[in-house]
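Structure, as structure tokens:
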Amino acid sequence: MTAFYAFFLSLPYAAAIEPHLPVLQIVIPLLCAPICVLLRHPRLSWMWATAIIWIAFFIALVLLGKVLASGLIIYEIGNWPAPWGIEYRIDAANAVVLVIVTAIGAITLPYAKTSVEKEIPEPRIYLFYLMYMLCLTGLLGITTTADAFNLFVFLEISSLSSYVLISLSGNRRALTASYRYLIMGTLGATFYIIGVGMMYMMTGSLNMADLQTLLPAVDHTRTVLAAFAFVVVGLGLKLAMFPLHTWLPNAYAFAPSAVSVFIASTATKVAVYALLRVVFTVFGHTGLFETTGIDLILIILGIVGMFAGAFVAIFQTDVKRMLAYSSVSQVGYMVLGMGLATAAGLTGTIVHLFNHAVMKGAAFMAIGAVFYVIGSVKLQDLAGIGKRMPVTTAVFLVAGLSLIGTPLTVGFISKWQLVQAALDHGFWWIAAAILFSSLLAIVYVWRVVEVAYLKAPPEGAVRREAPMFMLVPMVILAGATVWFGIDGDTTLRIAGEAANALIGSVPGGKP
Amino acid sequence: MSGLLTGWTPGDALVLTLLIPVIGAFLVLALGRWENARDGASLITAACLFYVVTQLYPIVAAGGRPDIVLFDMVPGLSIRLTLEPLGMIFAGIASFLWIITTLYAIGYMRGHHEENQTRFFFFFAIAIASAVGVALSGNMLTLFVFYEVLSISTFPLVAHHGTEEAKRSGRIYLGILLSTSIGFLLFGMIWTWQIAGTLDFVRGGVFNAEQAQGPMIAVLLALYAFGIGKAALMPFHRWLPAAMVAPTPVSALLHAVAVVKAGVFSVVKVIVYIFGIDILSAAPGTDFLIYVAGFTIIAASVVALRQDNLKRRLAYSTVSQLSYVVIAAAILTPISVAGAAIHIAAHAFGKITLFFAAGAIMVTSNKTEVSQLNGIGRRMPLTMVAFAIGALSMIGLPPTAGFVSKWFILQGAAQAEQWTVIAVVVASTLLNMGYFIPIVYAAFMKPEDRPDDAAAGGTKPEADHHGDDHDDHGHGHGIKYDHGEAAFPMACALAVTAGMTFILFLKPDLVVGLAQQLTGIMP
């Protein structure tokens, strides 16, 4: 990572640009997105989006390198100093999330090109790229900003664009799914902004660092307590925390394949990050996390979500829906790690942000490729798909093994870290719950594997792989699933830094 | 290193032993279109692997412990290979028997007209690679990784036929093995790491006396013993009989040697190197393992008595014999632990012979049930003599390897005054006789019962005729009465393994020396 930073500094004009990277990360995709409307042409919009998002990816890597080398970056928008102006702050925690989001965004684009041509009517394709870039902007903004209200603005940018993205699919059920997501998402955002309003009322500040110092003085008031509740529930809706997950399965299942890949791997992750930031930075100095018992609530909701999601996944006949429910289950692990509220637990959450993005991205890409070739994602139509599309099915298998948490895949690393964090606490029953929920994952993954490999393909089926543009990205993600499953050391160390950045700001935080 | 490996460090040679079967697997895949080249590649790979392993033997026998750290998987825990005596025994057996089994499998798969042979040989090689990985593991994490790869890579072999029955068995197989390992073994492992701060294999164990207080050690031991589902302790043994739907070479090498031995090997390894026998014998409640293993020995033998299907009878016999290794290790005396190591070798050669014989009978005559074997010894004398030798080894009578290991186990039990163990071993010996001797007796002494109308035609009337060639596919088809010995590669393979059972009795030093190093009876 630091190598990227060094490489960047060797570029011409780097010294002039370097201080402005935090804002460029967001401004570039934001300003470049509307140009798609002028371009209109599907191929041109694709090339434009690709160029911009790869630049964003590069910036994210440079920023992560810089943070790991020299610590916190603070950027004041328009040079207005902190409590008055908007501030961007980048530490290890959000630098990691920036890399995850831009990496998935970048790797999904080549895949999207082919997939979108098939699934979205041509006159609307440019809209896809436009919304894709806006959504990315929103997610990056949520991640970077250190201003509670500004976070709401970016939350809306990403949400509104993702409603459009989901409804772009030709499937009419996507409209209902998107509408439902809109209702729930708006509720979530409203709850969040109500909470922010209450905080503003009590402290007169919107800056997160400022709030952190001001809130403890008023943390006994009912207003702040209500603010905390509103913010947690609002963000809980966005991250699909059980039982606030009901918008997710249909939204993922009926969205165009490329959208499922992108949203499943990034949107909930960014919401998890936002909740982490609010709980551990904004409210970090208040005792609310412990006194309200929210830690135990998160642990319990996390565990129930793990089991409920996986259990429902077992009974799905639509593989995309199955993966969606599996996401509900996997979000449970992240929420659980958050509830543990130790450096080890947060490391588990953050490493799982990355690991789950990689494996779920691979799984959704594989199933999207299947849809591209055979036009269905129903379980019974996948008979013998292992023979018809060997590479795609192998990618799905790797991702599935990772969902189970078998060693040599990233899923194992996450589980290892979370179980260890639970045992650190002395919560052996949590450790047992994490491991036993993997057993449910065996069942839903193996249902697909059996149909794919052991059932004979239907008469007349020919061997036909997905096009290269789809294959290469998913093989890369599957490769990453294995690579970071073998070398979990790197990701765990960076996630550990990130966890320390979050919990380090809490004086009473248990290291 | 000497020989062809001059210039290699022993550590690098360990990596090589892992890589050879993996490279072999991909060669098989690449050569899939040319049957002879593909099977040749399998054989050559197996021979190369065995060569490298033999080159490592003198180093370990002289007290060397080749070791290499590959990389860190999670902070503070690396993937690490170390070769010590027990691993040497296991790797030696697995690599040697791989050659023989490949030979046998070529004959079997062709004679039985199996489909998807390339996939079969590919996963076979991957399974061997992971079994060798288990043998070479330098810490518990590495062992766990290879253990899981072994479970997953053998699934396609178990479900090879793709029939409903194969799928159901595959589900049981993977279901039990994955759930026990993730639910118990991984749990126990992380817990161990939490307490001891290391998962390295250290003689004498990783816990100090202070950490080993209270009932925790017994609970951890239970997590390991049941978590290692491949050791087939009851009640987690059902995957093994289920795995018998696989083609016979799989049952022979994997479900009599590589997979199941990986299980008991891991149990012994955990007892010797994670807990240490001194800590275990001091901790309260750890003797439950003796009773569980003892029960498994007796109960599995009783079930075996009632099985008519030959492969299933052998499978239950394996369940019972695996618990011999566990019980021997659980006695916790140096001499019985050595007995456990020797039994891993002794049972391997004996049981693979029995499976080879069962497969040879099945391919040549289509007989799968014990009740059909009357008089078959006269048609297939070599096969049935080999079967008899294997059976003697199971019972534990001289002149076979089974006698040596039983001798050590009984000695250890007597030393520790474990009368239960002695009673179990005696009872099980009788039961073993009960389900093996009748087969041998019927094969040689009873007249062949052939239906009269089949006498002329050679096959039963309902059989589908394929002309005179040596040909049939699947179970339940016509039983043949006009056959002789099995095809040459198969006959050759089972003669070699039967011979090895005999040789291990005459020259037990090969294994016994290593086994005694294990607990430090000998330096």
Side-chain angles (χ1 to χ4, degrees), chain A residues 344 347 351 384 386-387 390 397-398 400-401 404-409 411-426 428 431-443 445-447 449-451 453-456 484-496, chain B residues 29 70-79 115-116 119 130 133 141-153 155-156 158-164 166-168 170-171 173-195 216 219 223 227:
Chain A
T347 307
V351 87
K387 286 223 170 69
L397 180 64
V398 169
L401 288 174
I404 298 172
T406 43
L408 302 184
T409 61
F412 177 72
I413 304 290
S414 304
K415 254 160 223 175
W416 176 273
Q417 180 63 31
L418 281 170
V419 169
Q420 204 200 316
L423 286 179
D424 256 345
H425 244 297
W428 64 268
I434 296 171
L435 294 172
F436 279 101
S437 71
S438 337
L439 305 186
L440 292 179
I442 301 179
V443 180
V445 169
W446 225 255
R447 277 172 78 229
V449 171
E450 265 188 11
V451 172
Y453 283 104
L454 296 178
K455 262 203 172 156
F484 291 107
I486 292 173
D487 177 24
D489 194 44
T490 314
T491 44
L492 277 177
R493 272 180 210 283
I494 295 179
Chain B
L29 215 53
L70 296 179
F71 52 83
D72 275 5
M73 187 157 170
V74 295
L77 262 180
S78 47
I79 294 296
E115 289 179 358
N116 297 321
R119 182 180 80 189
S130 26
L141 178 70
T142 315
L143 193 148
F144 182 76
V145 168
F146 286 115
Y147 181 97
E148 293 291 64
V149 177
L150 184 57
S151 304
I152 293 166
S153 62
F155 172 79
V158 171
H160 184 78
H161 292 128
T163 57
E164 269 313 309
K167 268 192 257 183
R168 197 170 48 245
R171 252 174 251 158
Y173 181 82
L174 204 68
I176 294 183
L177 289 183
L178 279 187
S179 13
T180 48
S181 64
I182 292 178
F184 304 139
L185 178 56
L186 181 59
F187 191 20
M189 222 167 87
I190 301 181
W191 194 1
T192 308
W193 199 51
Q194 204 72 27
I195 297 167
M216 182 206 81
V219 175
L223 284 176

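Predicted model, so just to flag it, every value in this text is computed and none were measured.
For a residue to count as touching a neighbouring chain, one of its non-hydrogen atoms must lie under 4.5 Å from one of that chain's; by this rule Phe71(B) touches chain A with the side chain only. Looking at Ile434(A), there are no atoms closer than 4.5 Å to chain B (heavy atoms on both sides), in backbone or side chain. The part of Phe184(B) that comes within reach of chain A is its side chain, from C-beta onward, which places non-hydrogen atoms under 4.5 angstrom from that chain. Both the backbone and the side chain of Ile486(A) come within less than 4.5 Å of a heavy atom in chain B. Using a 4.5 Å cut-off between heavy atoms, Phe412(A) touches chain B through its side chain atoms alone. Using a 4.5 Å cut-off between heavy atoms, Trp446(A) touches chain B through its side chain atoms alone.
Within the 3.5 Å criterion, the main-chain N or O of Ile404(A) finds a donor-acceptor partner in the side chain of Lys415(A). Although no hydrogens or angles enter the test, the distance criterion places no donor-acceptor pair under 3.5 Å between the side chain of Glu450(A) and the main chain of Lys455(A).
You'll find the side chain of Trp191(B) reaches within 4.5 Å of the side chain of Leu423(A), heavy atoms only. Residues Val74(B) and Gln420(A) form no side-chain contact, since every pair of their non-hydrogen atoms from C-beta on lies 4.5 Å or further apart. Residues Thr406(A) and Ile152(B) are in side-chain contact: their nearest non-hydrogen atoms beyond the backbone lie under 4.5 Å apart.
Residues His160(B) and Arg119(B) come closest through the heavy atom pair O-NH2, 3.2 Å. Contact detail for Ser181(B) and Tyr147(B): the closest heavy-atom pair is CB-CE2, 3.7 Å.
Counting heavy-atom pairs closer than 4.5 Å to chain B, the top residue among Trp416(A), Tyr453(A), Phe484(A), Phe436(A) is Trp416(A). Chain B forms more heavy-atom pairs under 4.5 Å with one residue of Val419(A), Thr490(A), Leu401(A) than with any other, namely Val419(A). Listed options Thr163(B), Val145(B), Leu70(B) were ranked by heavy-atom pairs under 4.5 angstrom with chain A; first place goes to Val145(B).
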